[in-house]
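Remarks on the structure that follows.
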Amino acid sequence: MQLFSFCIAFFWFFGTESLHWVQMSGLPDDIPFFDEPDAPRQPSGIAARAMQARSAPPYLNGLNPEQRLAVETTEGPVLVLAGAGTGKTRVLTSRIAHILSLGKAWPSQILAVTFTNKAAREMKERIGVLVGGAVEGMPWLGTFHSIGVKLLRRHAELVGLRSDFTILDTDDVIRLIKQIIQAEGLDDKRWPAKQFALMIDGWKNKGLGPSEIAEGDARSFANGKGRELYTAYQNRLKTLNACDFGDLLCHPIRMFRAYPDILKEYHAKFRYILVDEYQDTNTAQYMWLRLIAQGSKNVCCVGDDDQSIYGWRGAEVDNILRFEKDFPGAVVIRLERNYRSTAHILGTASHLISHNEGRLGKTLFTDAPNPEDAKVNVHAGWDSEEEARAVGEEIEQAQRKGHNLNDIAILVRASFQMREFEDRFVTLGLNYRVVGGPRFYERMEIRDALAYFRVVAQGSDDLALERIINNPKRGLGEAAIRQVHDYARAKDIGMLDAAADLVETEELKPKPRSALREVVENFRRWQSQIDSVPHTELAEKILDESGYTAMWQADRSAEAPGRLENLKELIRSMEEYESLRSFLEHVALVMDAEQNENLDAVNIMTLHSAKGLEFETVILPGWEEGLFPHQRALDEGGRSGLEEERRLAYVGLTRAKKNLHIWFVSNRRIHGLWQSTIPSRFLEELPEAHVEVIAGGDSYGGYGGRGGYGQSRFDRADPFENSYSTPGWQRAQQNRSDATRNNWGSRSGARVERIGYGETDSGHGAGRGSVKGRMIDGELVAKSVSETPSNFDVGDRVFHIKFGNGNVSSIEGNKLTIDFDKAGQKRVLDSFVKGI
DNA sequence: CAGTGTCTGCTTTTT
DNA sequence: GCAGACACTG
């Protein structure tokens, strides 16, 4: 491990412009921290005089008064409400630099928590710049999970683990749960492992162990066996010496509660605590923080309640709203001076978010309004094809004017929207990158390779072994694996050991027996080489000798070369680590890979993955009811669901620095069917003063640019006015529940208002059961709709608002396939056509 | 035991 | 409309 903290003397040096860190002795962080020296003394003598003589240290220059207050209020609880683009990270990093330079704490006495590895990495880098490179001196800067791992490795035995426990990812967890469900004699079709994994995740997000979950929740799965299964799962994890992600938070909480003396040591240790993105903390993280923060009261949480968009995965906005109660005497500092966006963009975003209730309230402003700035553009389009076409044209135009594609982002609500843009950009030959797609370490071949490595590093990692025992195919089918599995269970040993035993007996059929023997011998050999062969070399050997590489070389499919390339990349990336084991540790927690930033390309991503980023030009397509706000958010989350969608819109708007384009269309293909849509209610919530309505591209006003047939409200001169600022739009709002019933099939308006509200605010987990009920209900509704025989017959002449005239060529329930005279063959719902 | 047809279901995502 | 999961067959 490279976790050496440097003992740093905090002297100001005469006349130096930046901070100088004097590295004294290398004090490994792993030595018991309670032996650490007290916090460094305040500088005295020459150093103190030098400090007084100086003007403000460089990291304070250029901070605005609020930022500076947030940096300098080091003592006591502080909540920094940092609006989008107000210099949040700058405050956090400067604050750390400030604490260090005043000599208030050693680097190892500061606990700084983030949510993502990316945020942690950025923070490390930026502190590095401020303090001149002593970043390793911050051993406790990391994600909640990575700090959790660190705590657990030290105290594993207190929660019933060994310190070399493995961390399971979602895939492993689901397979494990499936086994448990089957072992209980339950039907794993009726009770999907995936669903139960989500429930467990939900419980762990709340910090609940098997004995603490609500009776109703426990009963809602597998005929009341929920609690039993959860207990069995936890026991199984213990025997496997493994943790899931939730445990990385829950185990430390349990440990701190059970061993107050250990908690005390950490109280003494952490003098300053900082938390980034506080609005995203879930209950477990909150409990964790509360326990640790009982020591030093110097807790600084930074966040923005208006950007809380992860309620559905357990985040509690309440944590940030409650801060002042939780930490009496807290200083609340608002950062509202925005350095990112134009006044029009800020005005638009502020006006939109003001429609939410239950916020702490901030209004962003800019010091640098510029009359030249463009207003926010709202575009109306016919359908998603036109949307993609027009956006493509607009981007090409911007490119011709010399804009970088890298500065442009398309932010969508749901990933299916990306496809249309991708298709269009491919035909245009426009570079694009999809941010946040399947990540490197989640690719099948990478996970397979890692499974091999895991078994070599940890012979008892049964989940990993099961993944690759018959991959490449060795003729070890379900039957043979079951035999090994059962034997291992019976003897309470690992599967690899069980396999080793079994091949010595006559129990297996000859073919599987020799195949299994080879597997065992291979792993035994690799295991024996773990200390003698360099780990990158060993990794290559494993993949070659197991036949895994050969399998992909023999594969003639289009992806095979890419997969081999990925495997090479994996081996290459291992070079940075000291050993196979330290590499695996890294991989378990840091599941992300770098993007190619050298390529100039348009960024396409979801609104969620855009949080924290900024772009010169932002395009927000698909602002239609049902898509954004998403129907399911409304169905399952009721009012709070709508507010979260609005915050998501706010996040989208505030990503833009200069140009912001919002799109809505009147026809979109959803689940393969063309459906009419109505503009998002969020459009109505934008302030007219900052918005300009653009009448589509040149194809606007007619279908596919060929124009002419079909009339709709968007045919008029000013679609914006006519569509949502007028009595007509108001009427549409009132009729929304009817419209959505037609437009969105089974997930629909009227029914939802009856069932959906009030009970699911707590997010998934608890909500799941009731959601399921609703889905079944929805299915029934959908069926009754589709079983209603259509009023049309094959051969009927019909008219469709988008496609014009055509003949019905076939009918399935209420779904018609129609040969249109001009638009070709399409499948549409019968409610969208009229007989003529 | 592995390949081919049929059925299902369909937001957002980190660790 | 399409991907992923599952059931059936050689």
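Scope of the values below: all heavy atoms of this structure, side chains included, with no hydrogens, waters or symmetry mates.
The residue among Thr606(A) and Ala479(A) whose nearest nucleotide of DNA chain B lies closer to the 5′ end is Ala479(A). In terms of position along DNA chain B, the nucleotide closest to Lys473(A) lies nearer the 5' end than the nucleotide closest to the other residue of the pair Glu645(A) and Lys473(A).
In this structure, CG of Leu613(A) is placed 13 Å from P of dT13(B), rounded to the nearest angstrom. For Lys118(A) and dT14(B), the NZ to P distance is 10 Å, given to the nearest whole Å. Regarding Glu277(A), its CD atom lies at a distance of 15 Å from the P atom of dT13(B), rounded to whole Å. In this structure, Asn205(A) atom CG and dT14(B) atom P are separated by 15 Å, rounded to whole Å. One interatomic measurement links the two molecules: CG of Asp171(A) to P of dT15(B), which rounds to 16 Å at whole-angstrom precision. Note: CE (Met444(A)) to P (dA5(C)) measures 11 Å, nearest angstrom. What separates NZ of Lys194(A) from C1' of dC10(B) is a distance of 11 Å, to the nearest Å. Going from atom CZ of Phe245(A) over to atom P of dT13(B) covers 16 Å, rounded to whole Å.
In this model, the phosphate group of dT14(B) is not approached by any side-chain N or O of Asn117(A) to a distance below 4.0 Å at OP1 or OP2. The side chain of Ser609(A) contributes an N or O atom lying less than 4.0 Å from OP1 or OP2 of dT13(B). The side chain of Thr170(A) contributes no N or O atom lying less than 4.0 Å from OP1 or OP2 of dT15(B).
Which of dT13(B), dT15(B), dC10(B) sits closest to the side chain of His145(A) comes down to dT15(B). Here dT11(B) is the nucleotide among dT15(B), dT12(B), dT11(B) with the atom lying nearest to any side-chain atom of His630(A). You'll find that the side chain of Ala414(A) is closest to dT11(B), out of dA2(B), dT15(B), dT11(B). Picking from dT12(B), dT14(B), dG1(C) the nucleotide with the shortest atom distance to the side chain of His671(A) gives dG1(C). Side-chain atoms of Trp312(A) lie closest to dT13(B) of the nucleotides dT11(B), dT13(B), dT15(B).
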| said: Walk me through whether Gln417(A) and Ile410(A) qualify under side-chain contact (heavy atoms from CB on, under 4.5 Å). | reply: CA-CA 10 Å; Gln417(A) 292 172 266; Ile410(A) 299 174; over 6 Å; no
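Both thresholds, 5.5 Å between centres and 30° between ring planes, are not jointly met by His608(A) relative to the base of dT13(B), so the two rings are not stacked. Stacking between Phe115(A) and dT14(B) is absent: the aromatic ring centre is not both under 5.5 angstrom from the base six-membered ring centre and within 30 degrees in plane angle.
From Asp461(A), atom CG reaches atom CG of Leu240(A) across 7.5 Å, with rounding to the nearest 0.5 Å.
Across all strands shown, Gly148(A) has no heavy atoms under 4.0 Å from either base or sugar-phosphate atoms. Using a 4.0 Å heavy-atom distance criterion, Leu168(A) is classed as making no nucleic acid contact.
Checked by atom type, the side-chain pair Tyr650(A)/Asn356(A) shows no donor-acceptor distance below 3.5 Å.
Separation of the P atoms belonging to dT12(B) and dA5(C) is 16 Å when rounded to the nearest angstrom. Comparing dT13(B) with dG4(C), their P atoms sit 16 Å apart, to the nearest whole Å. dT11(B) and dC6(C): their C1' atoms are spaced 25 Å apart (whole Å).
Aromatic ring orientation, His586(A) versus Tyr577(A): tilted (interplanar angle from 30° to 60°). The aromatic rings of Tyr310(A) and Trp312(A) sit tilted, their planes meeting at an angle between 30° and 60°.
For Arg413(A) and dT12(B), a side-chain-to-base donor-acceptor distance below 3.5 Å is present, hydrogens and geometry of angles not being considered.
For Ser680(A) (side chain) and Phe628(A) (main-chain N/O), a donor-acceptor pair under 3.5 Å exists by modelled atom type.
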